Amino acid sequence: MKNLWTPWRMAYIEEKAPSEKGCIFEAGTGKSYEKESLLLYRDALIVVLLNRFPYANAHLLIAPCRHVGDICDLYEEESAALFDMTKESVTILRKHKNPVGFNIGLNLGTVAGAGHPEHLHYHVVPRWEGDHNFMTVLAEVRTIPEHIENTFDQLLPDFQELLSLKEDK
Ligand SMILES: [Zn+2]
């Protein structure tokens, strides 16, 4: 199994989300974090969430705050902030989770497998040796809710530190 990036599976996993009220990327609006929504970070431009239905442990979703579905509609400062946050997220995940690789990507449009096509978001999925076993990953999807709050608590201080660094500028 060489190609581990399988957006159709991602769509399948996201599809199983209970019908949430409103857009998941706008949960906790006005707050810099909110555990209930798995919101790890919010500044004026960017939000970072832990995916509630992860492909792997510590699967992050990074989105612009603005409810926009098409990458071509992003403002330049949003594009830059998204990419910067992608890099910061990789650094934070390396520090806490010790992955040996990452899948980073974006599903644009429902046909491409986007679970929330109306609000574009990057997936950052840490990978470990041997984690590609399909059944293991599926089993993990069921067991992760017990651990996801621990992962949230582990990552939150680093994301909030990014925010305080920004505010100090
Ligand atoms: Zn939205």
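Only a predicted model underlies this, so the values are computations on that prediction, with no experimental measurement involved. Atoms within each ligand, like the ligands themselves, are counted from 1 in listed order.
Closest approach between the Zn ion (ligand 1) and any N/O/S atom of His67 involves ND1. Per residue His119, closest N, O or S atom to the Zn ion (ligand 1): atom name ND1. Looking at Glu26 and the Zn ion (ligand 1) together, the shortest N, O or S contact belongs to OE2.
A donor-acceptor contact shorter than 3.5 Å is absent between the side chain of Gln154 and the backbone of Lys97. Between the side chain of His121 and the main chain of Val48, no donor-acceptor pair closer than 3.5 Å is present.
Checked options Glu78, Glu77, Glu118, Glu26; the residue passing with Arg66 is Glu78 (criterion: salt bridge (charged side-chain N to carboxylate O under 4.0 Å, His left out)).
Between Arg42 and Glu34 the shortest side-chain heavy-atom distance does not fall below 4.5 Å.
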